[in-house]
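Protein chains get the first letters and strands the later ones, always in sequence-line order, with residue 1 at the start of each.
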Amino acid sequence: MGSGSFATIAVRGGTARARVRPSRAAALCAGHFPGDPFVPGSYLAALMAELGGRLVADGGARPRLREIERCVFRAPARPTGEMIVVARRVGRGRVDAAVHANAACAARATLVFGPGR
Amino acid sequence: MTLPAPAAVLRHGPEARLVRAIRRLDAAGIECTSRGRGPWPWPRMLEGAAQAAGLLLGIAVPGAPRAPVVAEYRDVVLHATSARGPLRFAAAFERRVLHFWRCTIDVRDGRGKILVRGRVTLAPPRPRAGA
């Protein structure tokens, strides 16, 4: 069962794994760059935040991303092939996440969430 | 000094280019106006700031790549998760480490209120496989 950017989402305890909808990945690459498409870094961070937020939701309240402590981009996340996002809750409001694309780790991040308004 | 149009420096296609014009470029850094009035979810704000940093390196930092890519975001604080209206994207060169260039970045609304603040590290673009 998918939602938002994801075709499928699986949550087990404090971890989550999701597959990005191919149409979503393609849309995020629009214009970035002509003839050499890959997802911009901030949108990779957004995918990780979208999944990670599910792990820190408290009592149904939608959490708000407060900080990107660090987000490192290791390889281009191209819209061809499968794109997988994984996330793991590592503390109160804190998530480690990664995006895997084209059989490589494209990005890793540590994200901090707080209560939504 | 005649400031170039961002479209002449950035690799982005028109759908992805978020900076409209360079408002200021001096020793303190760069400030750019946004293209359009939003809406601006935080990923778009962050991307706009990164584009400003890329322009700064491409135009004004000696030895820096002309069309760098984002290698890292660090210490990014979201004071707002979305905004509307025209924005200002600013960047200042902080330091170079090997082949990486780090800049501070911030995004402000039309009244000067901080929306996003942090650091971005830029690197030379990778050669495309098979190129």
- request: Would you please say whether a donor-acceptor pair under 3.5 Å links the side chains of A/Thr15 and A/Arg88?
  value: no
field: Validation row: B/Arg74, B/Arg102 side chains within 4.5 angstrom (heavy atoms)
entry: yes
- prompt: Does the side chain of A/Tyr43 come within less than 4.5 Å of A/Cys29's, by heavy atoms?
  reply: no
field: Sub-4.5 Å side-chain heavy-atom contact between B/Arg24 and B/Asp26
entry: yes
- prompt: Any side-chain heavy atom of B/Thr33 sitting closer than 4.5 Å to one from B/Val19?
  reply: no
message: Is there a side-chain contact between B/His12 and A/Phe33 in this structure, where contact means two heavy atoms from C-beta onward sitting under 4.5 Å apart?
response: yes
query: Looking only at heavy atoms, which of residues 38-48 of chain B get nearer than 4.5 Å to chain A?
result: B/Trp42, B/Pro43, B/Arg44, B/Leu46, B/Glu47
statement: Given B/Asp75, B/Leu10, B/Val76, the one with more heavy-atom pairs under 4.5 angstrom with chain A than any other is B/Val76
Pairs satisfying salt bridge (charged side-chain N to carboxylate O under 4.0 Å, His left out), at least one member in residues 59-68 of chain B, at least two apart: none
field: Heavy-atom contact with chain A under 4.5 Å, split by part of B/Val116
entry: neither
query: Mind checking whether B/Leu115 and B/His79 have side chains closer than 4.5 Å, heavy atoms only?
result: no
query: Can you name the residues of residues 84-99 of chain B that have some heavy atom under 4.5 Å away from a heavy atom in chain A?
result: none
Scan the side chains in residues 97-112 of chain A for donor-acceptor partners under 3.5 Å anywhere in the protein, sequence neighbours excluded, and list what turns up.
residue	atom	partner	partner atom	Å
A/Asn102	OD1	A/Arg78	N	3.3
A/Asn102	ND2	A/Thr80	O	2.4
A/Thr110	OG1	A/Asp96	OD1	2.8

task: Please answer whether the main-chain N or O of B/Arg17 pairs with a side-chain N or O of B/Arg35 as donor and acceptor at a distance below 3.5 Å.
output: yes
